[in-house]
Amino acid sequence: MQLTNRSKKIDKSEMSLAERMYLPAIASGMAITLKHFFKKKPTINYPEQKRYLGPVFRGHHILKKDEAGRERCTACGLCAVACPAEAISMVAAERKSGEEHLYREEKYAAVYEINMLRCIFCGFCEEACPKQAIYLRHDEFVPVFMSRER
Amino acid sequence: MPITADKIWYILTALTLISALAVILVRNPMYSVLSLVLTFFLLSCHYFLLNAQFLGVVNMIVYAGAIMVLFLFVVMFLNLREYREETKNNLTKIGAFVMGLAILGAIIASIRRLQYPMPPSEQFNIKTGYVETLGDLLFRDYLLPFELVTVLFFIAMVGAIIIGKREKGERHF
Amino acid sequence: MDIFWIKAIIVLVIFGLSLVVAMYSTWAERKVAGYMQDRPGPNRAGWGGLLQPLADAGKMFFKEDFIPAQANKWLFIAGPCLAMLTALLSSAVVPFGDTIIVGSDEVQVQGIEVNIGILWVFGIVSLGVYGVMVGGWASNNKFSLLGAIRAASQNISYELAMGLSLIAIIMMTGSLSVRDIINTQHGGSWNLLYQPLGFIIFLTCAFAECNRTPFDLPECEAELIGGYHTEYSSMKLGFYLFAEYINMFVSSCVVSALYFGGFNYPFMDKVAEALGTDATGHNIATAIGFGVFFAKALFFVFFFMWVRWTLPRFRYDQLMNLGWKSLIPLAILNIVVTGIGLMFEIRWFSWVAVILIVGVALVQAALKPKAARGILEAAPVR
């Protein structure tokens with residue numbers, strides 16, 4: 001009984017003279033490598049060339065604001081519950097009077113952290129969010145360095 | 001200052017003597033073997049200086065290249081950190097000294113008698129040491145001794161193979 | 001100009017060329033490896049990664065030069081020096097081209113022309129193992145020692161087959177001088193056409209002598225970490241690796257000189273005639289010959305890399321069996337067959353040996369029932 005049917009049966013009989021000469025086998029092997037030598041390389045030279053990512057690509061996380069520029073997140077914690085890698089943590093805070101133009105609801109996330117070493121970019125947080133606050137950009141990777149520009 | 005053959009000869013001889021002395025004076029056997037290699041190499045240079053190129057290169061290949069590699073091979077397997085002094089007591093030292101003196105005396109006595117005729121320089125053939133001349137000599141004038149030596153080597157080779165052969169029931173790992 | 005200075009310039013040029021070729025071999029090795037594995041290889045430093053060797057050298061020089069506390073310090077330093085020295089010495093007798101005419105002097109494009117040229121290469125190659133052995137022993141490390149011992153026994157074993165395969169060439173030429181061997185191949189009668197078996201044996205042994213894959217057991221990473229250069233770092237390691245590439249270049253030169261006609265190329269007489277017999281014409285013809293020789297040598301450098309990125313490594317007992325039980329008997333057979341051929345003045349006679357072996361192989365393959373393959377699955381797995 002085999003798991004896959006791809007395993008090969010090993011022939012342990014004595015090698016014939018042609019096989020013991022190695023040379024035919026070496027020549028065929030070298031023909032294969034030479035064929036690959038002249039093949040077109042599939043490499044994408046990353047910083048200069050970029051691959052088309054597609055509309056459903058899950059990249060850099062952002063917390064969105066609504067049309068009036070107020071933060072949508074209410075620190076409900078559903079994203080943290082949904083996260084399979086347990087990467088999300090947050091600290092909730094209450095909105096003070098006079099801050100209505102900053103936060104849409106009475107509660108907001110004072111600290112919202114995603115541990116990027118744990119995140120697996122599954123997008124479950126985006127699906128779980130009832131306020132459409134967290135979003136994984138489809139056009140941008142997470143920045144490689146520590147930069148927070150833009 | 002022109003570089004002449006006799007100046008090179010003096011330098012080469014000095015180097016050869018130093019490295020040959022190092023073989024017996026140095027305590028670390030590894031250094032001994034390496035200076036022996038150097039000695040063989042310098043001897044080859046002496047052959048080159050005498051225009052005996054074939055002899056020089058063969059000396060280099062056979063002694064420096066093959067035999068000394070095997071020497072080094074053996075020395076590398078030994079544990080050199082433990083230098084055993086007790087094998088050299090006074091009696092063996094005195095014996096070695098006397099033997100050495102006797103051999104030195106024998107060499108001096110034989111060299112003193114030696115009359116080495118210098119060939120006149122105008123008759124000297126520059127191709128004396130070349131491989132063609134050597135081949136002519138070996139395969140024409142000295143054919144029988146040459147063939148006898150090959151038989152001797154052949155016997156030695158067969159013997160080495162028989163010694164190294166795996167015997168029945170013997171196991172190697 | 002004095003003939004001494006012309007010779008000095010030629011020697012310096014050969015020396016510089018072998019260093020530059022070795023330097024760019026490191027780049028080419030990585031590039032070839034990349035291309036054969038469907039990737040572009042180094043391409044960041046300079047156009048097409050051409051400055052990569054300089055970057056590597058810079059890296060090597062700035063790394064910490066570490067000597068293990070229990071190592072034998074002097075021999076540890078002497079190891080890479082010896083490797084480099086022996087690698088550079090062997091190119092002295094390789095004739096890179098015909099003669100050049102400067103003023104009234106005709107100078108050969110070669111380090112020195114001696115009548116034992118090929119034996120000189122052979123002797124230096126046999127000394128080459130000391131660099132590896134001394135370095136491996138001085139590291140005071142079991143893996144290095146094993147690598148050194150492997151290198152020594154491998155070199156001794158393959159030197160024999162190499163020497164025996166050379167004897168057939170020497171018998172056909174009647175001279176040990178590399179220049180004479182090249183000159184007898186003038187007019188398209190390359191030794192490859194008369195010595196196919198000898199060529200294969202020589203090439204295999206050249207791989208083994210250069211410690212190149214599939215014979216790179218002295219530095220076998222899978223078993224010995226880094227082999228003899230496990231403990232080496234910085235430019236000392238660089239010297240070892242560099243010496244390997246110089247050896248590769250020199251052995252490529254020797255292979256193309258011995259079997260591929262050296263600086264001879266088809267219709268070279270007509271080209272020389274068209275260029276004229278005066279000094280300029282002669283020098284241009286020599287330059288073309290030099291270029292041809294170089295192209296042949298560089299092809300073999302590529303061949304070394306090609307084989308490296310195709311074949312897996314041999315096991316040590318397979319290596320020894322191949323050397324002692326296959327190559328040496330085949331080389332002796334080649335000598336005997338060539339000798340018979342020379343006796344009856346048939347130069348291509350050593351093809352008989354090849355035809356004989358191939359014939360036996362074909363007959364055996366035809367006689368062997370095809371169904372015998374692949375039905376032995378019930379055989380006990382040990």
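Keep in mind that the numbers below use all heavy atoms, side chains included, and drop hydrogens, waters and symmetry copies. Sequence lines set the chain letters: A, B, ... in the order given, protein chains first and strands last, and positions in each chain run from 1.
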Residues, nucleotides or ligands: over 12 heavy atoms within 6.0 Å of [X] [atom1]:
X	atom1	value
B:Leu91	CG	no
B:Tyr142	OH	no
B:Tyr63	OH	no
B:Phe73	CZ	yes

Exercise for the section: Sorted by first residue and then second, give each salt bridge (Lys or Arg N to Asp or Glu O under 4.0 Å) pair with at least one member in residues 133-143 of chain B; sequence neighbours left out. Expected result: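 Found B:Asp136-B:Arg140.
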
What are the two closest non-hydrogen atoms of [X] and [Y], and how far apart are they?
X	Y	answer
C:Trp120	B:Val57	N-CG1, 4.0 Å
B:Gly65	C:Ser126	CA-OG, 3.7 Å
B:Phe54	C:Ile116	CA-CG2, 3.8 Å

Less than 4.5 Å to any heavy atom of chain C: does that hold for the side chain of [X], its backbone, both, or neither?
X	value
B:Val37	side chain
B:Ala64	both
B:Phe48	side chain

Exercise for the section: Heavy-atom pairs under 4.5 Å with chain B are the metric here; pick the option from C:Asn115, C:Leu119, C:Ile156, C:Leu127 that has the most. Expected result: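 Max contact count across the listed options: C:Asn115.
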
Exercise for the section: Find the distance between CG (B:Leu38) and OH (C:Tyr130) and round it off to the nearest 0.5 Å. Expected result: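 Spacing of CG (B:Leu38) from OH (C:Tyr130) equals 11.0 Å.
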
Exercise for the section: Supply the atom-to-atom distance C:Met133 CE to B:Met30 CE, rounded to the nearest 0.5 angstrom. Expected result: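 So the gap between those two atoms works out to 7.0 Å.
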
Practice task
Report the option among B:Val131, B:Val62, B:Val69 that has the most heavy-atom pairs separated by less than 4.5 Å from atoms of chain C.
Solution key: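 Most pairs with chain C among the choices: B:Val69.
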
Problem - Flag side-chain contact, heavy atom, 4.5 Å: B:Leu34 against C:Leu75 - result: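 Touching, per the 4.5 Å side-chain cut-off.
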
Practice task
Would you mind checking which part of C:Ser175 comes under 4.5 Å of any heavy atom in chain B, side chain (CB onward), backbone (N, CA, C, O), both or neither?
Solution key: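 Contact with chain B involves no heavy atom of C:Ser175 at all.
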
